[in-house]
There are 2 protein chains.
Amino acid sequence: MSAGQTAEGVPTIYHVAQRAGVSIATVSRVLNGHDQIRPATEERVLEAVRELGFVPNASAQGLSKGLKRIIGLVFANSWWEDDPTSVEENSLLFADELIRGAQLAADRHAYSVLLLSSGVTHRAHHAAFSEVFGKVDALVLLDRVVRQERVGPIAKRVPVVLLAGSGRSRLATTIRVDNAGGMQALAEHLVLVHNMKRTAFLGGLADSPDNEARFSAFRAAVTELGGSCESDEPWSADWTSSGAVAAVGRRLALRRRLPEVIVCANDQMAIGAMHALAMAGLSVPGDVAVVGFDDIPVARYLSPPLTTVRQPIRQLGAAAVESLVMRLQGHEPARDVVLPTELVVRGSCGCPATPGLGLGAEAPAGGKGR
Amino acid sequence: MSAGQTAEGVPTIYHVAQRAGVSIATVSRVLNGHDQIRPATEERVLEAVRELGFVPNASAQGLSKGLKRIIGLVFANSWWEDDPTSVEENSLLFADELIRGAQLAADRHAYSVLLLSSGVTHRAHHAAFSEVFGKVDALVLLDRVVRQERVGPIAKRVPVVLLAGSGRSRLATTIRVDNAGGMQALAEHLVLVHNMKRTAFLGGLADSPDNEARFSAFRAAVTELGGSCESDEPWSADWTSSGAVAAVGRRLALRRRLPEVIVCANDQMAIGAMHALAMAGLSVPGDVAVVGFDDIPVARYLSPPLTTVRQPIRQLGAAAVESLVMRLQGHEPARDVVLPTELVVRGSCGCPATPGLGLGAEAPAGGKGR
DNA sequence: TTGTAAGCGTTATCAC
DNA sequence: GTGATAACGCTTACAA
């Protein structure tokens, strides 16, 4: 059957062409902003488009142009797990901010963001992670969504950015935050300002590059400054608040002398740690100081307000997308990007909590109240 | 040029066919799980697919099948705003959980989730929200992403689910949570258990259906029970913690007798309210009780742990996608779905906080206040 | 059981 | 300036 006339469904370019009395080529040209089109013709076409409510079919465009204008954001499946007992609070806020950043950047370039999880299992049939390649032009892979050795083959097919990883992959562009710098600043603050020598590091999942980077950087820095860092068994959690509560509980059960400060690998765990200490009748920072990493929104509203290292998660997402769009446009972006982190001093480290009137959103840099 | 042989790019079905010594039709059949294929043939095809690392092009599939297997999730643009001063904490957690739920459900049906914002402005050229229709098979529209009158035309084109709205649209399926039920339970608890008669409602953005529903339900319930509800100017915020801090500050400045409890339209604001009260030297729940709505993860770790109404955000997202997939499969799902909410009693309302050991993930001992 | 060929809705290359 | 028409990669009758 000759093209055109889809019975009664969505209007196609043929309908527009017919209505405007031109060929589909002309319609396409108008829609794609080609010049050299007679104004009168253009107006007729646009009118027809409006009347019909025509919207180009992205599949057809993708097929024809070889570009889908879609970037995939791949999360580890555990992040999306449906297990109600393991709330995976870890990802909360992180994923959200990351997605936002990616969204924003994608929008700027007329791209869209497609969410994917690494462990696709929908059809028992032949489900495979690789199926998703077909839907996107490029991929953002989060830390540990695929094993190192699988990155190569993937990166060979589509442009790939590795996020929050160890930063040592020559197979794909890597974008991450400066964990080391943040921990260095934190260690200096604790040791030099508060004169704390006995510290403890409450880590997240052991196999996470972020966790590893934060821990080794902190330990190195604090040791360098003449302090020590306790970090064996009891101090191991899973990035979650409840995991931290349990970890601190284990440590307290040992009834050994406590460290002066507990450095948590993320804010969620700091919240759990503070909670556990409070329940044990210990005061923060009076008896033990607690600091975190991330600077999630609630951090400033905890009591005491949480001292933490802010990481630019949103920018991380945006940078990833920008990098990929760059690649898709034929440019060669930087191979390894490191975004800066920033120490945010509030009350939980022992510093006098900002006296703030409590009106307005008090930002560490001295926020203005709108 | 005859089809086949894409110079050196991504392998197509033609490459697979050639390699396996069969026609592309056969390859397609194997890939789509058709029966009546000679086992030997099937094996050869699968082998070729494996060797070439072939992945079907989703655009081509979409064009051919008329289904893209992509569902769009549309957020109001303000949620993604790049304005660093307005942190929009409101959406945090909510969006995240919602997305998760949608993701999970989509995965189950081999669909993917595409993120979109309502105010697309990438190319000054001819950017339009409608452009996104081309990329998806169906849409989930969040509360207020488009004005009422625009829903009709959209729903006419693609299946649409309205989320967290007022629930009164016969143009599209609506899915929301039982705000009224939750508020009813909350009011009963406050009045009947704590004998609180003087309440205040700290609302979010005034034009939000959720805010309106929560407020009117609470006021009606508390009034019915013989209590009163203060809710004029000072008690208005923007869903954010900082907005709540400011609102409570305004109310305190009035130096009038305070209500016995502040009922917040969401947990973020409850956190801000508690913070503002603490800074004013008031104790929660000793001087004033505070309750929230949502039950975000940190709620149980606040001191005192926050009493709140839990809403099944993740299920909300999942239900939306399930409904759309249903429609796409030709079934006719329910027009208006209301998901149940649940009162979660913790310490901030004045109830004795659960005396947990603090090791589990449970709502624990009365964080000895400070 | 497998191959041939006609679409699917755009874009882009030629001619005119 | 504009109109035919050939791709783009895949699915699916229709034949064989």
Side-chain angles (χ1 to χ4, degrees), chain A residues 1-7 9-45 48-49 52 54-69 131 133-137 157, chain B residues 1-7 9-45 48-49 52 54-69 131 133-137 157:
Chain A
M1 177 188 61
S2 69
Q5 304 308 92
T6 302
V10 179
T12 71
I13 199 174
Y14 285 93
H15 298 119
V16 176
Q18 177 166 21
R19 180 138 195 158
V22 298
S23 74
I24 60 166
T26 298
V27 175
S28 180
R29 290 192 189 100
V30 170
L31 260 29
N32 289 288
H34 281 216
D35 26 1
Q36 284 173 317
I37 290 187
R38 186 184 305 150
T41 309
E42 168 156 12
E43 190 37 60
R44 286 217 313 286
V45 171
V49 167
L52 264 37
F54 168 77
V55 174
N57 178 317
S59 288
Q61 289 184 312
L63 224 208
S64 184
K65 301 218 245 211
L67 236 211
K68 305 170 185 70
R69 296 204 91 89
E131 275 185 16
F133 298 170
K135 288 185 173 180
V136 305
D137 298 318
R157 271 224 164 332
Chain B
M1 178 187 65
S2 70
Q5 305 305 94
T6 302
V10 178
T12 71
I13 199 173
Y14 286 92
H15 298 118
V16 176
Q18 177 167 23
R19 180 138 195 157
V22 298
S23 74
I24 59 167
T26 299
V27 175
S28 178
R29 291 191 189 103
V30 170
L31 260 27
N32 289 289
H34 283 213
D35 25 3
Q36 283 173 316
I37 291 188
R38 186 183 304 150
T41 309
E42 169 156 11
E43 190 39 59
R44 286 217 312 288
V45 171
V49 166
L52 265 37
F54 169 77
V55 174
N57 178 318
S59 288
Q61 288 184 311
L63 186 52
S64 183
K65 299 216 248 219
L67 238 211
K68 304 170 185 72
R69 295 204 92 87
E131 275 185 14
F133 298 170
K135 289 185 173 179
V136 306
D137 298 317
R157 271 223 165 333

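Quick note on labels: first sequence line is chain A, next is B, and so on, each numbered from 1.
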- Item | Nearest to side-chain heavy atoms of A:Leu63, which nucleotide of C:dT2, C:dT1, C:dG9 | C:dG9
- Message: I want to verify a distance call: between C:dG3, D:dG3, D:dT2, whose nearest atom is closest to the B:Val22 side chain?
- Response: C:dG3
- Task: State, yes or no, whether a side-chain contact exists between B:Ser28 and B:Gln61 at a heavy-atom distance under 4.5 Å.
- Result: no
Between protein and nucleic acid, restricted to nucleotides 10-13 of chain C and to nitrogen or oxygen atoms under 3.5 Å apart, what atom pairs and distances do you find?
| unit_1 | atom_1 | unit_2 | atom_2 | d |
| --- | --- | --- | --- | --- |
| C:dT10 | OP1 | A:Asn57 | N | 3.1 |
| C:dT10 | OP2 | A:Ile13 | N | 2.6 |
| C:dT10 | O2 | A:Ser64 | OG | 2.9 |
| C:dT11 | OP1 | A:Asn32 | OD1 | 3.4 |
| C:dT11 | OP1 | A:Asn32 | ND2 | 3.2 |
| C:dT11 | OP1 | A:Gln61 | NE2 | 3.1 |
| C:dT11 | OP2 | A:Ser28 | OG | 2.6 |
| C:dT11 | OP2 | A:Asn32 | ND2 | 3.4 |
| C:dT11 | O4' | A:Ser64 | OG | 2.4 |

- Please collect all salt bridge (charged side-chain N to carboxylate O under 4.0 Å, His left out) contacts where either partner lies in residues 11-21 of chain B, sequence neighbours excluded, each pair once. B:Arg19-B:Glu51
- Could you tell me whether the side chain of B:Asp137 and the main chain of B:Lys68 form a donor-acceptor pair under 3.5 Å? yes
- Query: With a non-hydrogen cut-off below 4.0 angstrom, is A:Thr41 in contact with a base, only sugar-phosphate, or nothing?
  - Reply: sugar-phosphate
- Message: My understanding is that only residues two or more places apart in sequence, or in another chain, count here; which of them pass ring-ring contact (aromatic ring centres under 6.0 Å, His included) with A:Phe54?
- Response: none
- Message: Output the rounded distance in Å from CG (A:Asp137) to P (D:dG9).
- Response: 14 Å
- Message: Please report the end-to-end axis angle for the helix from C:dT1-D:dA16 to C:dC16-D:dG1, five pairs per end, rounded to 10 degrees.
- Response: 40°
- Task: Rounded off to whole Å, could you give me the CD-to-P distance for the B:Gln36 and D:dA16 pair?
- Result: 19 Å
- To the nearest Å, how far apart are B:Arg69 CZ and D:dT11 P? 12 Å
- Item | Protein-nucleotide distance (B:Leu52, atom CG; D:dG9, atom P), rounded to Å | 14 Å
Just distance, no hydrogens or angles: give the donor-acceptor pairs under 3.5 Å from side chains in residues 33-41 of chain A, sequence neighbours left out.
none

- Item | Check against side chain to side chain contact (heavy atoms under 4.5 Å, CB included), A:Lys65 and A:Asn32 | CA-CA 12 Å; A:Lys65 301 218 245 211; A:Asn32 289 288; 3.5 Å; yes
- Sorted by chain and number, sequence neighbours left out, side-chain hydrogen bond (donor to acceptor under 3.5 Å, both in side chains) with B:Lys135 holds for A:Ser112
- Query: Rounded to whole angstroms, how far apart are CD on A:Glu43 and P on D:dG1?
  - Reply: 17 Å
- Non-hydrogen atoms of A:Pro11 and A:Leu52 that approach each other most closely: CG-O, 3.5 Å
- Could you tell me the separation between the OG1 atom of A:Thr12 and the CG atom of A:Asn57, rounded to the nearest 0.5 Å? 9.5 Å
- Protein-nucleotide distance (A:Phe133, atom CZ; D:dG9, atom P), rounded to Å: 18 Å
